[in-house]
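As the structure is a computational prediction, the values presented were derived from the model and not from experiment. So you know, we letter chains A, B, ... as the sequences are listed, proteins then strands, and number each from 1.
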Amino acid sequence: MQFPREELFAPGHRGCAGCGAAIVARLLLKAAGKDTIITTATGCLEVMTTPYPETSWRVPWIHVAFENAAAVASGVESAIKALKRKRGKFANKKINVIAIGGDGGTADIGFQALSGAMERGHNMLYVMYDNEAYMNTGIQRSSSTPFMASTTTSPAGSKIKGEDRPKKDVAMIMAAHGIPYVATACISYPEDFIRKVKKALSIEGPKFIQVLQPCTTGWGYPPHKTIEIGRLAVETGVFPLYEIENGEFRITYKPSKRKPVREYLKMQKRYRHLTDEDIERIQRYIDEKCKLLGL
Amino acid sequence: MIEVRFHGRGGQGAVTAAQILAVAAFYDGKYSQAFPFFGVERRGAPVMAFTRIDDKKIKLRCQIYNPDYVIVQDSSLIETINVVEGLKENGAVVVNTVKDDINLGVKTYTIDATGIALDVLGVPIVNTAMVGAFAGVTKLVSIESVKKAIMEKFKGELGIKNAKVAEIAYNEMIKKYG
Amino acid sequence: MCEVKVITGTSAAAEAARLADVDVIAAYPITPQTTCVEKLAEFVANGELDAEYVKVESEHSAMSACIGAAATGARTFTATASQGLALMHEVLFIASGMRLPIVMMVANRALSAPINIWNDHQDSISQRDTGWIQIYVEDNQETLDSIIQAYKIAENEDVLLPVMVCLDGFILTHTVEPVVIPKAERVREFLGVYEPKHAYLDPDRPITQGPVGVPDCYMETRKQIEDAMERSKKVIKDVNEEFSEWFKRKYGNGLVEAYNLENAETVLVAMGSVCGTIKYVIDELKKEGKEVGLLRIRTYRPFPKEDVKELLKDAENIAVLDKNISLGFNKGSLGIEMTSILKNKKICNYIVGLGGRDIRIEDIKTIINDVEKAEDDKTAWIGLKE
Amino acid sequence: MGKWGVIVMVTIAAIIYEPGNSIRNKTGSWRTFRPILDNNKCVKCENCYIFCPEGAIQEDENGNFKIDYDYCKGCLICMNECPVNAITKVREEK
């Protein structure tokens, strides 16, 4: 038996068939276990798991607003500390405090609260589930949307070919905060993701994991391809897997030979407007990035 | 009710002086209140602060327009500000100066607070001297309470020295004006 | 037994939070609240208060962290003013919607633009409908006492709503005056320990807080808050009584304070520190044989409708002072609300003290003369430059 | 029965005190295709188990993986990720 069997994320949630965010939640809870408190930013994951009076969460869970999952988590963490110390609450249990936000709630509107919480040194893990756009409200671009991807607010038109800016590198910005642990992960590599979550939770202080999560609706591919596409994102070098532990960078998965990005792009409707030259351009950009990281 | 206005420059501790006076009055068993003129002044700019002293609880919350006393911590202010503005008819002014012949057209008491401060503290911070001088002139607060208030505000050696400054200023005013 | 200190309003607020033994403070400095959060930081640094102090990067995160902490079962405190309160606006609704008994000091200050650090009530009045109980205090003693009372009110199971205690920026926050500071043990005994039954995040009892409020449930959650507001009136009155038994001080009936109302045909209605100046003028006029009354609204939310109706039933001339303005309606919020409660009464609304404009003794006298002469309802701005 | 299930009395702050009660919501009706798992072909690699967004594939007491059709939404990730083609699909007849 390889993966933990305890299911702390209940079925019956209203995510799309093939939802990557649900896989993030399920894997995350398998890694963290039951002594965990989750704060969640407004977004797909929050909406689909808690339409009153139903919840898919079997761990204590709180949602407050879109931009403050990290700030709420810092309040939770502080309360646990104070109540343990002053009133012997929580029976001296080690409680994992985990904030979850999508790329919009993390890289955009929640960025300030995230930066503050990481800088203050709270003992918490922040998990950014990255599906590269505002999926909850119908696929609008975020700063995590990749170059040339078409979204409803960065549409592929006759003059502008989708998103005109490269993807914001949130993990590296978090690393620049000097926190003890930063990692990227992808749901297509569950052992790697679970290992990183467990490792993060074993470290005292603020931790950040950015987990790539393909979205069937937003990226435009059939639901059964969720894992396959995530795997291609990693195999092509589009989304490299690494961790930075106490400032030390380490690639955690190195494809033996990087696949052409064309294979990845061609599977998704958000890239269907790309010409051969566009794909070449993206390939060159990815090559450069991978070179920097030693891929 | 007695209303006092302090004139000083930002960084000279006019607000602290007004507070020390209020605390001293409280130690004497009176009700008191002190507040700054709520400005945006920075170090060096002219500033004001106020103290109210009464035998009963002070309800009034507006600024002070007709003070009974005005305390001028820096005589150079006299050239730029009408320090006696609104002063009550039988009111008085206490000015920090080395001159004896300042004519403001009202009852004026002078003291070389800077000299005292330099002697004892080694720095020209005159707020505690001015509160001592005010006590000496008006007898509205006891010097014991002024000293107590100062020692509470400034801890340790600094408090002792400032209390001494206030006492010297107090005695000088008694000697000078009776 | 008690200690009396000559302190500012912000210090009084900080002392209250210390006495209430708060567990978590999350705050961001802003004028004129700053000295309150500085004082609290000092208390924590010196071990005079055992609390976690979260040095957040904004007011939005201050309230968010308080929500997280309160939802975990901690007693929380924060403080803000003006732009900071406006930045919190979104999360204020969430604090009350999640029924978390957070207590916040608001150092009332005008809103930009133009930027203005001085006092009026526009900041907290603009949070009227957020589901927070609002207490407006007259002096520094009441600041301290009200924050202690606020915990007792907020944590009452009939209430479970957050409370903001509003004190006038600079006029109280930066004014020193004598304040009685009760013994910490006594306050802690008065308040008891906060033991939330409805909501706390605990792995041993996994609950979901803040779900999607579908149309089938949202309206009920609003009605529940309204009902709690209504119930809070009695709780506020009871706490005021109980507080006076313990600490020998009380503030009217908790909701309103009547001053010289019995024989007065002319009555001023106001909130906050200006009530002190009004009382001073009333005392002066009384010496001249003139009777003028004051109805001080202490809790703006819940609004003491019943008390107002009863206490003003014989008033002929009602002057309502507002340190805020509903632009486009040319009335202050208190003016609008008094008009909706009191039918067939002459109610004149006076806009005063915006952005720190001093409210002088003469201004109060002008208002009294004006309302007595007025033939019908009106709005006038007092203290404007010609 | 309302759109969101029966809400008789709304709890304070709409807090949900019953962890994981979304199991009341049987999402199996969403399916167009039904995955069929052939346990004779299964090599117990756990791919279908770990990648299922619903957690609808669970191990039974004999160590065989089983699909819970009450919740399976028919995304067919399991079929796609099965290395030995032990999972096939059939159209749901509705």
[Y] and [X], any side-chain heavy atoms less than 4.5 Å apart:
X: D:Thr11; Y: A:Tyr52; value: yes
X: D:Lys44; Y: A:Gln2; value: no
X: D:Gln58; Y: A:Glu7; value: yes
X: D:Ser22; Y: A:Met48; value: no
X: D:Ile23; Y: A:Pro11; value: yes

Within this structure, what is the [atom1]-[atom2] distance for the pair [X] and [Y], rounded to the nearest 0.5 Å?
X: A:Ser188; Y: D:Ile50; atom1: OG; atom2: CD1; answer: 12.5 Å
X: A:Ile62; Y: D:Ile15; atom1: CD1; atom2: CD1; answer: 9.0 Å
X: D:Ile77; Y: A:Ile227; atom1: CD1; atom2: CD1; answer: 5.0 Å
X: A:Glu191; Y: D:Glu46; atom1: CD; atom2: CD; answer: 9.0 Å

Legend entry - Enclosure of A:Lys269 NZ (heavy-atom neighbours >12, cutoff 6.0 Å): no
Looking only at non-hydrogen atoms, find the nearest pair between [X] and [Y] and report the distance.
X: D:Asn21; Y: A:Pro53; result: ND2-O, 2.8 Å
X: D:Phe51; Y: A:Ile187; result: CE2-O, 3.3 Å
X: A:Gly18; Y: D:Cys75; result: N-CB, 3.1 Å
X: A:Glu228; Y: D:Asn80; result: OE1-ND2, 2.8 Å

Inset, instruction - In sequence, state the C-alpha distance, the side-chain angles, and the governing distance for A:Glu54 and D:Glu18, and then conclude on side chain to side chain contact (heavy atoms under 4.5 Å, CB included). - result: CA-CA 8 Å; A:Glu54 284 174 12; D:Glu18 203 184 338; over 6 Å; no
Inset, instruction - Kindly confirm or rule out a cation-pi arrangement of A:Arg5 over D:Phe65, judged by NZ or CZ under 6.0 Å from the six-membered ring centre and within 45° of its axis? - result: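 No - A:Arg5 does not lie over the ring of D:Phe65 by the 6.0 Å and 45° rule.
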Legend entry - Which atoms of D:Tyr17 approach chain A - backbone, side chain, both or neither, heavy atom under 4.5 Å: neither
Inset, instruction - Below 4.5 Å from any heavy atom of chain A, which atoms of D:Ala14 appear? Answer side chain, backbone, both or neither. - result: both
Inset, instruction - Please lay out, stage by stage, how D:Glu54 and A:His13 fare under the test side chain to side chain contact (heavy atoms under 4.5 Å, CB included). - result: CA-CA 8 Å; D:Glu54 317 307 322; A:His13 64 78; 3.0 Å; yes
